[in-house]
2 protein chains.
Amino acid sequence: MWCNAAMDRVRTDAGARPPRATIIDVAREAAVSPATVSRVLTGTKPVSADLEQRVRDAVNRLGYRPNPAAQGLLRGATHAVGVVVPDVGNPYFAEVLKGVTNAAEESDFRTLVADTGEKGGAEHDAALELSRWADGVVLCSPRMPQRELAKLAQAVPHLVCVNRVGRGGQVPAVVVDFEAGMAGICRHLRELGHRRVAYLRGPARAWSERARQRALRAASGPDFEVFQVPCGSSSVDGHRAADAALATGATAVMAFSDYVALGVLARFDELGVSVPRDVSLTGFDDIALSELLRPRLTTVRVSKQDLGRRAWELFASSGAIDGADETGRVVTASAELITRDSTAPPAGAITPLPKTAKA
Amino acid sequence: MWCNAAMDRVRTDAGARPPRATIIDVAREAAVSPATVSRVLTGTKPVSADLEQRVRDAVNRLGYRPNPAAQGLLRGATHAVGVVVPDVGNPYFAEVLKGVTNAAEESDFRTLVADTGEKGGAEHDAALELSRWADGVVLCSPRMPQRELAKLAQAVPHLVCVNRVGRGGQVPAVVVDFEAGMAGICRHLRELGHRRVAYLRGPARAWSERARQRALRAASGPDFEVFQVPCGSSSVDGHRAADAALATGATAVMAFSDYVALGVLARFDELGVSVPRDVSLTGFDDIALSELLRPRLTTVRVSKQDLGRRAWELFASSGAIDGADETGRVVTASAELITRDSTAPPAGAITPLPKTAKA
DNA sequence: CTGTTAGCGCGTTCAC
DNA sequence: GTGAACGCGCTAACAG
C-alpha cells in the first residue's frame with residue numbers, strides 16, 4: 001500500500017498533470033513524520049539541523065507548497081484580505097488597491113479583489129462573499145445605504161471602509177478630507193475671479209459626494225453661485241455631462257474627479273471650447289494621467305496608495321492579526337490643492353452656449 | 001470536552017464578533033442532520049419539501065455560508081482562478097482582468113489577482129503562490145524567459161497565457177495578432193507617405209514585442225525606414241522616450257501601446273510639437289482613453305475583455321471544471337486598425353529637432 | 001527534540 | 001429519504 005504520489009506521477013506522466021504533493025508525501029520522501037515537516041515549514045518548534053535539511057531537500061524536490069485551505073481550516077484564518085472596489089478600471093481605485101496589496105504583502109497576506117461594476121447593489125453581496133475567503137474586507141467608496149453597511153459590519157468580522165464613515169464611525173475607516181479639498185478648489189476659483197461655477201456631481205449615494213456638497217454649500221453665496229449638474233464617476237459620464245455644464249453659463253467647471261474631468265476635457269475639445277481660455281476645469285484625486293493631459297489639470301492631490309496602506313493598517317490593528325481589537329477608528333488623509341494649467345481667470349464675457357463661446 | 005463553537009460564541013459576545021455559523025449549527029437549528037443541510041445546499045440529492053424549507057429558514061436565520069476552505073479541501077478544488085498581471089493600473093490589463101472576472105463569475109468562480117509591478121522576476125513566484133489558492137492561473141503578458149515558463153507550466157496545474165505562446169504552444173494561450181496589427185499600422189503610415197518612422201519599443205522580454213518586431217522587419221525597407229527607440233510599457237516610459245523618438249528625425253512615431261502613446265503625446269505637447277501636423281503618432285490596443293485624448297489616437301483595436309473571457313474558456317476547457325483535458329490550444333484574436341486623428345501625411349520637411357520643427 | 005493522535009468544516013460515501 | 005461515519009491536508013495538542 002505504499003503506492004505513493006511519486007508512483008502515480010510516473011503513470012500519469014503522459015497527461016503531464018503533476019498532482020500536488022501533500023505534506024505526507026514530503027514526510028515519506030524525507031523519512032520523517034508529517035509533524036516534523038510542519039515544524040520546519042512554520043518554524044514553530046526547533047528541529048535538528050540534520051532533519052531540517054532532509055525536509056528542505058524533499059520540499060524542493062517535490063515542489064511542495066502547503067495547501068492554504070487546509071491551513072485556513074485549522075487556524076480559522078486564511079491570511080487574506082478582500083478588497084471591494086466599484087471599478088478596477090478607474091485609476092483611482094487601481095491605486096488604492098495597490099496600496100492595500102503592497103502593505104498586505106509585507107505581512108504575507110494575500111489580496112482578493114471584487115469589482116462591483118459601479119453597481120451599489122452588488123457591494124453587499126460581494127463583501128459577504130469575500131468574507132468567506134478572507135479574514136477581513138476593505139470596502140472602497142461603498143455606495144450602499146447606511147443601514148446596509150451597519151448590517152454588513154455585523155456579518156463581516158473585520159470590515160474597513162475607505163472614503164466612507166458609517167454612523168458614528170462604528171466601522172474603522174480611512175477617509176480623504178474631501179471637504180477641505182473641495183473648499184480649496186472653491187477658494188482658488190473665487191480668487192481667480194469666477195462667480196458662476198458648475199459642479200459635476202458624483203454618485204448620489206457616495207459619502208464623498210456628500211462631503212463635497214458640504215464644502216460647496218459653505219462656499220456658495222451671492223458672489224459665488226454653484227450650479228449642480230448630475231454626472232457620475234467615470235470619464236464617459238463626464239463626457240456626457242459636459243454640455244449641460246456649459247449650458248449653465250458657468251465660467252468654471254468642477255468635476256467630481258480627475259477621471260471624470262478627462263471625459264469633460266474631451267467633450268470640450270469636440271465642442272471647440274478651450275480650457276482654460278473659455279472655461280476653467282478642475283478635477284479631484286490627482287491621478288497620474290492628470291499631469292499628462294493637456295492642459296494639465298488643476299486638482300486636489302490625494303495619496304491613493306497611502307489610503308490603501310492605511311486601510312490595511314486599520315484592518316491589521318482591528319485584531320485581524322494579533323488580538324488587539326481596536327474598533328471604530330476613523331483616520332483622515334489630507335487633500336492638497338495642486339494648481340496647474342486648467343484654471344485661469346474667467347474670460348470677460350459669460351459663455352451661455354459653447355458655439356457662441358467660440359464665435 | 002464538548003466545549004464547542006456555540007459555547008465560545010456566548011463568551012465573546014461582548015466583542016460583537018459574530019463567529020461564522022457552521023453546517024452543524026444549521027443542522028441543529030433545523031433539527032436535521034448535517035448531511036441533509038448539505039444536500040439542500042448543493043442540490044445533489046432530493047430532499048423532502050418540508051425539511052428543505054426548515055433548512056433554508058435556518059440558513060437565513062443564521063446567515064450561514066459554507067466555508068470555502070473546507071469545501072476546497074474536500075473537493076480538491078477551490079473554485080477560484082488566479083490572474084497574474086504586470087500592472088493593474090494599466091488600463092489594458094484592467095480590462096483583461098474584467099474579462100476574466102466576468103466570465104469566471106458566470107461559472108461561479110472567484111478571481112484572485114496578483115500584480116507583479118512590471119517585475120518579470122516576480123511572475124514565477126506570483127503564479128506559484130496563486131496556484132496554491134486557485135485551481136488554475138492566467139498569466140497576462142508574462143515577461144519571464146521561455147524555460148521558466150515551461151517549468152512553471154509543470155508546477156501549475158491549469159496554466160493559461162494571454163499574449164504569450166510557449167515553445168510549441170504547450171501552454172494554452174490566447175494571443176492578439178500583433179503581427180497583423182503592426183503590419184496594418186505600417187501600411188497605413190506608408191500610404192500616408194511616411195518614409196522614416198520611429199518605433200517605441202516595449203519590454204524586451206515581452207512576446208508581443210517580438211511579434212511586433214517581426215511585422216516591423218517585414219514592413220521595413222529602403223522606402224520605409226524604422227528607427228528603434230527603447231522605451232517601455234507605461235505612460236511614463238513614453239513620456240521619457242519621446243525626445244529620443246523625435247531625435248531620429250522620423251515623421252511618425254509608433255508607440256508600443258496606447259498607454260505609452262499617452263505619455264508621448266504629453267511630452268510632445270510640452271515640446272510644442274503638434275500631432276499630427278508636425279509628427280504622426282500611433283498606439284496599440286485602443287483603450288477607452290484613446291478616444292478621449294486630443295488628438296484621438298490612431299490605433300489597433302483589441303477586444304481586451306474578450307481576451308480575458310477567452311483565457312477563461314481555455315482554462316475551463318483544460319479540464320479545470322469537467323475532466324476534458326484539452327491542452328495546448330492557442331487561439332488568436334484579431335486586431336483591427338482604427339484610423340483617427342493622430343495620423344496624417346508628413347509635413348513637407350523632415351523635422352530633426354522639435355524646436356526647429358515649430359519655427 | 002521527535003512521532004503519534006485528533007480534529008478544523010464540509011461533502012460523500014455507506015447503512016438504515 | 002435520511003442520518004452516521006469517514007477523510008480531504010494540515011497543525012496543535014499530547015506522548016515518548
Side-chain angles (χ1 to χ4, degrees), chain A residues 1 4-5 8 19-55 58-59 62-79 131-133 135 157, chain B residues 1-9 19-55 58-59 62-80 108 131-135 157:
Chain A
M1 285 309 287
N4 60 25
D8 285 1
R20 260 188 261 288
T22 79
I23 199 171
I24 299 190
D25 299 328
V26 177
R28 249 198 298 259
E29 178 84 7
V32 296
S33 81
T36 302
V37 177
S38 173
R39 285 193 272 257
V40 170
L41 261 26
T42 60
T44 46
K45 289 278 167 81
V47 171
S48 75
D50 170 39
L51 286 198
E52 166 150 2
Q53 196 50 53
R54 292 212 326 252
V55 169
V59 164
L62 270 52
Y64 167 77
R65 324 217 69 196
N67 180 334
Q71 291 183 145
L73 196 51
L74 200 55
R75 295 205 260 245
T78 58
H79 243 57
S131 80
R132 298 200 315 147
W133 293 79
D135 297 339
Chain B
M1 287 308 287
W2 51 277
C3 167
N4 60 24
M7 297 280 294
D8 285 1
R9 187 169 325 137
R20 267 186 255 290
T22 80
I23 198 171
I24 299 189
D25 298 328
V26 177
R28 246 200 299 262
E29 179 84 9
V32 295
S33 83
T36 302
V37 178
S38 173
R39 282 193 272 260
V40 170
L41 260 29
T42 60
T44 46
K45 290 276 168 78
V47 171
S48 74
D50 169 39
L51 286 197
E52 166 148 3
Q53 197 49 51
R54 285 201 344 239
V55 169
V59 164
L62 269 53
Y64 167 76
R65 324 216 69 194
N67 180 335
Q71 291 184 147
L73 197 51
L74 199 57
R75 296 206 261 245
T78 58
H79 243 56
D108 222 48
S131 81
R132 297 201 314 148
W133 294 80
D135 296 339

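Note that the structure is a prediction, hence the values are computed from the model and not measured. Every chain is numbered from 1 and lettered A, B, ... according to where its sequence line falls, protein lines coming before strand lines. Atoms considered below: every heavy atom in the structure, side chains included; atoms not considered: hydrogens, waters and symmetry mates.
- Distance, A:Arg54 CZ to C:dG3 P: 8 Å, rounded to whole Å.
- Regarding contacts with the backbone of C:dT2, a side-chain N or O of A:Ser48 is found under 4.0 angstrom from either OP1 or OP2.
- Across its full length, the helix from C:dC1-D:dG16 to C:dC16-D:dG1 shows an angle of 50° between the axes of its 5 terminal pairs at either end, rounded to 10 degrees.
- Separating the CG atom of A:Leu51 from the P atom of C:dG3 is a distance of 6 Å, rounded to the nearest angstrom.
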> Between A:Leu51 and A:Val40, does a side-chain contact (heavy atoms from CB on, under 4.5 Å) hold up when you go through it step by step?
Replying inline: CA-CA 9 Å; A:Leu51 286 198; A:Val40 170; over 6 Å; no
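- Between B:Asp135 and B:His79 the shortest heavy-atom distance is OD2-N, 2.9 Å.
- For B:Ser33, no side-chain nitrogen or oxygen approaches OP1 or OP2 of D:dA4 to under 4.0 Å.
- Residues A:Tyr64 and A:Ala21 share a closest heavy-atom pair of CD1-O, 3.2 Å.
- Nearest heavy-atom pair across A:Ser33 and A:Ala27 is C-CB, 3.8 Å.
- Pairing each heavy atom of B:Val47 with each of B:Glu52, the nearest pair is CG1-N, 3.9 Å.
- Closest heavy-atom contact between B:Val37 and B:Ile23: CG1-CG1, 3.6 Å.
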> When you check every protein heavy atom under 4.0 Å of nucleotides 8-16 of chain D, what one-letter string (B, S, -) results, 5' to 3'?
Replying inline: BBBBBB---
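- By the 4.5 Å heavy-atom criterion applied to side chains, B:Val32 and B:Arg54 are counted as neighbours.
- Enclosure of atom CG in B:Leu41 by more than 12 non-hydrogen atoms of other residues, nucleotides or ligands within 6.0 angstrom is indicated.
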